[in-house]
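A quick write-up on the structure given underneath.
Just so we're on the same page: letters track the sequence lines, and every chain starts at 1. Keep in mind it's a predicted model, so treat the numbers as computed, not measured.
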Amino acid sequence: MKKLLIYGAGAIGRGYVPWVFPPDQYELTYVESNPTLRDQLNTQKYFTTYCTKNDQYHTLKVPIAKCFSPGEELPSLSTYDGIITAVGPRHVQALAPNLAKATCPIVLFENDETLTEILQKLSKNPHIYFGIPDVITSNTAPQKLLDKDPLSIVTENGTCFIDDRAKSLGGNNHYVDKKELTKQWLAKLYIHNTPHCIAAYCGSLCHKTYLHEGMQIPQVYDIVKKAMLEMSQMLKIRYHIDTDFIDWYSEKELSRFANVLLYDPISRVAREPFRKLEPDNRLIGAAQLALASGVIPHNIMKGIFAAFLYNKTNDPDFNITYLVNALTPENFLKLIIKLNPHEALFKLLVEAWGPDMTELKRMQIK
Amino acid sequence: MTQNATLEIAINAAVTAGNALLQHYGTGLHPQQKESLRDLVTEVDTLSEQEIINIIREKDPIHGILTEEQGFIGPKTDDYWVVDALDGTINFIHEIPLFCVSIAFIQNKKPIVGAIYNPLSEELYYGATGIGCFKNQISLKRNDCPLSQSLLAQAFSGKAYDPQNRLKEFETFGRLNDLSQGCLRTGSAAMNLAYVADGKLGGCFGKANKFWDIAAGLLFAELAGATISYTLVDTEKHLIDYIAAAPTCYQELKVHLDGLIRSQ
């Protein structure tokens, strides 16, 4: 039985990893910084992950060897056959000193391709590879499942693409070459990530808790679908990705966002809007790419405005509300979003600010 | 008025006034001397101040405003706004890009809300008690550091407020310059304090600085994790002695500034 160390017992780490590295073939050990979750895992010594397939839940009871607090795993690091990280893009760089000591393949499930190279440099360890869990995994489960096991978590039946240099890890994964990995990543980045967070911000405006609830509102569905279309056009023009693949991928994503079994919390997807509004990230970056490809991103812009209106006092970026209220559109876009007043997106956003904000606020009231 | 609304007024006023300053930067000004050669006022100070007053009066007609150029205006309230429409006037006149607008709201004699804006660097600092301190979109939490690893800044008063101690001020400046990574005299006490909050400076201190220069900055430094102390040394002239620094640096600074800076 292969031994796998997983950094992060959250949505991907706990919910999805056991489906692609099944517990009858892999012994799973976790490293988790949340002390409550860690204690629960160590006391219970297993958890349950549910996979939604054909409108039903499929159950996997996952025994775990141990859940370490960060740093506790270091003495045993050389004993693992593989390491997976799923701690989030903001936290993964802090793992560099730990990863430096590892000799096995390390796969980053961090939703950011650039981090692979950064981690390789920081840790001086070349055996760090990118992986794309093409899946939506909730970080919780509906109450009826939590009643059976408080550590229950729900995932979709996704597909996992991993750099083929890590293929010794095995499991139910697709080990693909660089070209295929890039194609999958571009689709994930722009047909999944961008519309996914737009669905979350629009759903939040309508006071919904889960993503599928927002997608049931026709206006939200319409904005998400059209934003996806804008991204699809961009991918065809800029990256020459074939139409059939993009159309299939788009249909798949729309169904996923609306999956009523998944219970994907909006607060998880919409978290930290400033990160998603960074110049190269999934909202502003996506809109810039669309414009550079000759596509006017009207609906991505609506998603951007919905992110500006994301008003959650428990979110790390809760200060966005003060800034949106206090600053003129021009000052907000210049000082906070770091757009240059001379660029096209700045001008388009200023122009659309009034009408789009009014439309979105109407959704908020309803 | 809620604290959130107060914060939004401070941010709005600071940025609006900062943009007004920028329009006059490098255009040739006509400074007038106030209390000393280093204490000047320009037409831009007045213009920027009026912008801020207009915004505050429109959105918060209840509270009075302590300003640098016009004194206390509006209702005589216990809680009030304090405004420096251009901190670093000399830098502004000489086109050195370190100046800012500084606005704070004072409750129970303490700053509880503030905004500092440098329109050239586009650094917008803001914060409030119970909410935290931010620069643009980023939440600020500074690191601790000792004096030997700190860059410092000292702010002198516009004129020798306490002439007998003036030499001691200069002597302290030199000594701390050698005991740290350097001691600056930047020309903007508000920016010094914002930089302490931001972790750029390990610490800063000043003797007989005007309250409007430092009110917002003291709040930010404390909210970001610096240790601060200050004493009102002249109620009529609104003069304050203060120290703000990373906790370890603060303890060391306190020893060196004993007898010079009256901070509690």
Side-chain angles (χ1 to χ4, degrees), chain A residues 88-91 93-94 197 201 270-285 304-343 346 349-350 353 357 361, chain B residues 1-23 51-52 55-56 58-60 100-101 103 105 112-141 194 197 216 220 223-224:
Chain A
R90 278 197 182 179
H91 306 293
Q93 290 189 41
C197 73
Y201 290 121
R271 192 178 146 79
E272 299 174 355
F274 282 134
R275 191 166 63 81
K276 297 171 178 85
L277 290 163
E278 282 170 2
D280 295 328
N281 217 303
R282 59 193 72 183
L283 287 170
I284 297 293
I304 290 170
F305 289 124
F308 293 170
L309 293 173
Y310 186 63
N311 179 5
K312 290 283 173 279
T313 49
N314 58 354
D315 190 274
D317 293 344
F318 67 95
N319 52 320
I320 195 167
T321 303
Y322 308 131
L323 296 163
V324 168
N325 290 344
L327 298 172
T328 61
E330 290 84 352
N331 284 328
F332 182 82
L333 294 173
K334 187 176 71 153
L335 297 177
I336 309 303
I337 306 301
K338 309 289 183 198
L339 286 175
N340 185 321
H342 299 294
E343 60 189 314
F346 182 97
L349 285 168
V350 169
W353 190 291
M357 285 290 203
K361 283 177 182 171
Chain B
M1 174 158 301
T2 65
Q3 195 183 38
N4 291 358
T6 307
L7 178 58
E8 286 167 16
I9 293 171
I11 295 170
N12 179 251
V15 173
T16 306
N19 289 341
L21 291 178
L22 209 51
Q23 285 179 6
E51 287 264 16
I52 297 167
I55 290 169
I56 294 176
E58 186 197 330
K59 295 181 176 169
D60 177 18
C100 64
V101 180
I103 298 172
F105 185 78
I112 60 152
V113 165
I116 289 177
Y117 180 50
N118 177 341
L120 273 181
S121 63
E122 297 185 350
E123 291 166 308
L124 170 64
Y125 295 91
Y126 55 99
T129 307
I131 288 174
C133 172
F134 307 87
K135 179 171 82 168
N136 300 73
Q137 73 276 30
I138 303 159
S139 175
L140 295 180
K141 212 75 201 159
F220 301 160
L223 289 173

Full working for side chain to side chain contact (heavy atoms under 4.5 Å, CB included) between A/L323 and B/F134 = CA-CA 11 Å; A/L323 296 163; B/F134 307 87; over 6 Å; no

At their closest point, which heavy atom of A/M357 faces which heavy atom of A/F305, and how far apart are they?
->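 Minimum heavy-atom contact is CE-CD2, 3.8 Å.
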
Between B/I9, B/L124, B/N19, which shows the greatest number of heavy-atom pairs under 4.5 Å with chain A?
->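 Of B/I9, B/L124, B/N19, B/N19 has the most heavy-atom pairs under 4.5 Å with chain A.
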
Any idea which of B/I131, B/I138, B/L7 has the most non-hydrogen atom pairs under 4.5 angstrom with chain A?
->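 Maximum pair count with chain A is reached by B/I131.
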
Heavy atoms only, distances under 4.5 angstrom: which of A/L277, A/N325, A/I320 has the most pairs with chain B? Name it, please.
->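 Between A/L277, A/N325, A/I320, the count favours A/N325.
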
For chain B, find which of A/I336, A/I337, A/N319, A/T328 contributes the most heavy-atom pairs closer than 4.5 angstrom.
->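 Option with the top pair count is A/N319.
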
Near-ring test A/F332/A/F308, centroid separation under 6.0 angstrom |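 Ring centroids of A/F308 and A/F332 are less than 6.0 Å from each other.
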
Give, as side chain, backbone, both or neither, the part of A/F274 having an atom under 4.5 angstrom from any heavy atom of chain B.
->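 Answer is side chain: those atoms of A/F274 sit under 4.5 Å from chain B.
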
Any chance you could measure A/Y322, atom OH, to B/Q3, atom CD, to the nearest 0.5 Å?
->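 Those atoms lie 7.5 Å apart.
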
B/E8 with B/K59: basic N within carboxylate O range, under 4.0 Å =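 No, this pair does not count.
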
